[in-house]
Amino acid sequence: MATAVTPTPTVPVGLLPVLSTVHLVDVTDPGMEGLALHLAARGARVSGSTRHDEVHGPVANRLRAAGVSVTEGLAPQEISELSAMVWSRAVVGPHPELDAAVEHRVPVLARTHALALTGVGFGGGNGLAAVWGSHSNATAAAVLAHLLDDGRTGWILNTPALGKSAGHYGAARLVVDLSPDTATHETVPTSPIRLSPGAVARRALAPAAMLVTAVDPNHPHHEDLPTALVAAEHQARTASTVVVPDLSWWNKPLVLLRERLADRPSPEVVTVGPSSRCGVRIIELEAVGSGGYWAELRHGNRRFRSVVPAIELHHAVMTVCAIGTALVLGEDPDAVAQRASRFDGVEGSMQHLGTRGGVRVVRSRARHVAEVARDLQAAGELVGRGNVIAVLEPDGYVRTRAQAQSLGAALARCHRAVLLPVVCGLPMLGIADPLEALTEATREGLPTERVHTVRPGPCTQAPEEIAFGHAKDGDVVLVIGTHRAPAVAERLLALLEATR
């Protein structure tokens with residue numbers, strides 16, 4: 001009788017043993033999807049759990065197509081076979097999977113720690129590039145990954161470029177989005193948590209270049225500017241070279257960051273801006289029609305010239321900063337220009353979903369108030385003879401409560417506002433729902449009849465029905481948010497398609 005041959009398992013490429021058989025809690029969340037896809041592409045056995053309504057959703061289906069097992073939970077016997085469990089820091093308090101992992105002495109890693117372990121081996125030369133910031137980094141990271149995509153570059157992103165995946169493996173380089181906003185969370189311990197004693201050594205990423213997009217208070221991660229500056233400096237000092245925008249209107253605290261970094265010899269700081277003192281000088285950045293900007297940059301004796309796809313100026317600035325980072329890493333300007341011209345945008349980042357009956361529906365992933373304000377301004381510039389209707393899904397109880405007045409002021413740019421229930425992963429926090437405070441703040445800039453608050457319950461009119469009932473030919477409906485908001489945008493398009 002022939003002896004049965006046991007198939008030899010795929011050896012994970014360059015991964016530490018702790019990541020060889022890994023389970024991700026809330027695997028369909030932004031950032032977690034990219035990590036799962038990257039690990040699976042490197043040969044790791046990857047599984048993940050998610051909420052009931054996400055198990056058969058598009059993200060879960062993309063993960064399954066890449067070989068990731070997605071379920072609502074894991075049995076204890078499956079947990080005991082894991083090399084590690086990763087969580088997005090959106091989960092606190094009792095959790096059956098995390099608690100079972102601790103019981104079986106399986107290391108439980110925060111996503112930031114898992115990213116650092118994943119990046120081991122990419123630290124030499126120009127093998128690792130990163131993007132960090134309090135906001136605006138999803139676009140920058142997606143653009144940078146696209147610009148460096150030479151067939152040997154991988155990435156782990158919170159938000160993918162259109163037509164690409166959030167996670168990919170390349171043997172030569174890795175691009176990582178280090179944004180803390182991987183999910184809606186109210187508490188965010190920055191260190192590994194629930195680690196089995198002695199299970200995993202602490203490591204930190206060491207990027208060759210890190211683009212820092214902005215430094216602002218970013219509740220609940222950084223409650224004030226001093227805390228945000230400390231976090232930014234800590235991140236920046238892990239890199240060999242730090243790239244920062246240098247435009248007076250963009251983000252003033254970046255000047256403070258540069259001053260803090262100047263008190264020691266490293267890292268090298270390269271600025272991107274119009275001044276002749278900038279390491280990457282913006283010679284020209286001008287709109288050339290719908291959805292594009294002509295950009296001309298100089299880095300040393302190297303010059304970049306190309307039309308870069310960008311809906312509005314703030315997206316063009318982040319694209320240019322990503323281009324500057326690629327040039328700092330030594331990329332050929334002509335190759336970067338060719339790749340930049342083929343960039344189609346970022347999923348959900350001022351993404352034009354369609355126009356029906358003269359009503360244009362645009363999706364925004366903005367969560368920080370600075371992003372919300374800039375996207376609302378951009379929507380206003382898209383409108384010709386019509387108005388802007390904003391459908392906003394506020395992000396988190398802590399953030400919404402802290403930013404209610406600023407969000408209300410930003411919404412004064414639109415003609416009508418539809419406010420969805422606040423996304424909150426931790427309803428047990430015992431703090432008041434800040435939606436009412438946001439509603440009152442919005443009514444300070446808009447007439448009461450133009451502010452619509454959608455509350456949970458079967459008797460409440462759906463947000464897409466409210467927007468549909470008021471939208472007219474020439475209007476732009478900007479749907480802002482990352483949880484329920486994308487489905488609202490799709491349902492609004494379906495309503496417009498069926499009746500106009």
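Keep in mind the model is a prediction, meaning the values are calculated, not measured.
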Open item on the list: Go through it in stages, so that I can follow the logic: the residues are Glu371 and His135, the test is side-chain hydrogen bond (donor to acceptor under 3.5 Å, both in side chains), and I'd like the CA-CA distance, side-chain angles, deciding distance and then a yes or no.
Closed with: CA-CA 7 Å; Glu371 290 180 296; His135 57 80; 5.3 Å; no
With no hydrogens and no angle check, is any side-chain donor or acceptor of [X] less than 3.5 Å from a backbone partner on [Y]?
X: Tyr293; Y: Pro309; result: no
X: Arg339; Y: Leu147; result: yes
X: Thr139; Y: Ser136; result: no
X: Glu393; Y: His483; result: yes
X: Arg281; Y: Pro274; result: yes
X: Glu497; Y: Ala494; result: no
X: Arg302; Y: Glu331; result: yes
X: Asp332; Y: Ala335; result: yes
X: Thr442; Y: Gly408; result: no
X: Arg173; Y: Leu148; result: yes

4.5 Å side-chain heavy-atom contact, [X] and [Y]:
X: Leu411; Y: Leu419; result: yes
X: Ser49; Y: Val27; result: no
X: His368; Y: Gln403; result: yes
X: Ile323; Y: Pro333; result: no
X: Arg385; Y: Asp473; result: yes
X: His315; Y: Ser349; result: yes
X: Ile389; Y: Arg416; result: yes
X: Val22; Y: Arg45; result: no

Looking at [atom1] of [X] and [atom2] of [Y], how far apart are the two atoms once the value is rounded to the nearest 0.5 Å?
X: Glu54; Y: Leu63; atom1: CD; atom2: CG; answer: 10.5 Å
X: Phe304; Y: His299; atom1: CZ; atom2: NE2; answer: 14.0 Å
X: Thr241; Y: Leu211; atom1: OG1; atom2: CG; answer: 12.0 Å
X: Glu490; Y: Leu353; atom1: CD; atom2: CG; answer: 5.5 Å
X: His38; Y: Ser165; atom1: NE2; atom2: OG; answer: 11.0 Å
X: Thr112; Y: Gln235; atom1: OG1; atom2: CD; answer: 8.5 Å

Open item on the list: Please evaluate residues Leu496 and Phe468 with respect to the criterion side chain to side chain contact (heavy atoms under 4.5 Å, CB included), reporting the C-alpha separation (whole Å), side-chain torsions for both, the decisive distance (0.1 Å), and the verdict.
Closed with: CA-CA 7 Å; Leu496 292 167; Phe468 171 78; 3.6 Å; yes
Mind listing the closest non-hydrogen atom pair of [X] and [Y] along with its distance?
X: Leu297; Y: Gly324; value: CD1-N, 4.4 Å
X: Ser364; Y: Leu478; value: CB-CD1, 3.9 Å
X: Val346; Y: Ala142; value: CG2-CB, 3.7 Å
X: Pro253; Y: Leu229; value: O-CD2, 3.9 Å
X: Asp177; Y: Ser179; value: OD1-N, 2.9 Å
X: Met318; Y: Ala140; value: SD-CB, 4.0 Å

- [ ] Could you please spell out the steps behind the side chain to side chain contact (heavy atoms under 4.5 Å, CB included) verdict for Asp246 and Leu254?
- [x] CA-CA 8 Å; Asp246 185 13; Leu254 283 174; over 6 Å; no
Open item on the list: One pair to check against side-chain hydrogen bond (donor to acceptor under 3.5 Å, both in side chains): Asp375 and His314. What are the steps and the verdict?
Closed with: CA-CA 9 Å; Asp375 281 359; His314 62 292; 2.9 Å; yes
Task: Distance-only polar pair, side chains of His56 and Asn61, donor-acceptor under 3.5 Å - done: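 The answer is no; no qualifying pair exists.
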- [ ] Consider only side-chain N and O atoms of Thr28 and Thr50, and report whether a donor and an acceptor are under 3.5 Å apart.
- [x] yes
- [ ] Evaluate whether atom CD of Glu286 has more than 12 neighbouring non-hydrogen atoms of other residues, nucleotides or ligands under 6.0 angstrom away.
- [x] no
Open item on the list: For Ala239, give me all partners under side-chain contact (heavy atoms from CB on, under 4.5 Å), at least two apart in sequence or on another chain.
Closed with: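 With neighbours one apart ignored, the set is Pro207, Met210, Val242.
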Task: Identified side chain to side chain contact (heavy atoms under 4.5 Å, CB included) partner of Ile156 from the options Leu37, Thr118, Leu39 - done: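 Looking at Leu37, Thr118, Leu39, the match for Ile156 under the side chain to side chain contact (heavy atoms under 4.5 Å, CB included) is Thr118.
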Task: All pairs passing salt bridge (charged side-chain N to carboxylate O under 4.0 Å, His left out) where residues 474-483 contributes a residue, at least two apart - done: Lys472-Asp475
TODO: Give a yes/no verdict on a cation-pi contact between Arg237 and Trp132, requiring under 6.0 Å between NZ or CZ and the six-membered ring centre and an angle within 45° of the axis.
DONE: no
Task: Pair Arg365-Thr159, side-chain hydrogen bond (donor to acceptor under 3.5 Å, both in side chains): steps then yes or no - done: CA-CA 9 Å; Arg365 298 185 63 92; Thr159 307; 3.2 Å; yes
- [ ] Begin with the C-alpha distance, continue with both residues' side-chain angles, and end with the deciding distance and a verdict on side chain to side chain contact (heavy atoms under 4.5 Å, CB included) for Val280 and Val243.
- [x] CA-CA 9 Å; Val280 178; Val243 181; 5.8 Å; no
- [ ] Decide yes or no on side chain to side chain contact (heavy atoms under 4.5 Å, CB included) for Leu24 and Val46, but give the supporting numbers first.
- [x] CA-CA 8 Å; Leu24 282 67; Val46 184; 4.1 Å; yes
Task: Ring-ring centroid check His452 His470, cutoff 6.0 Å - done: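 Yes: the rings meet the under 6.0 Å criterion.
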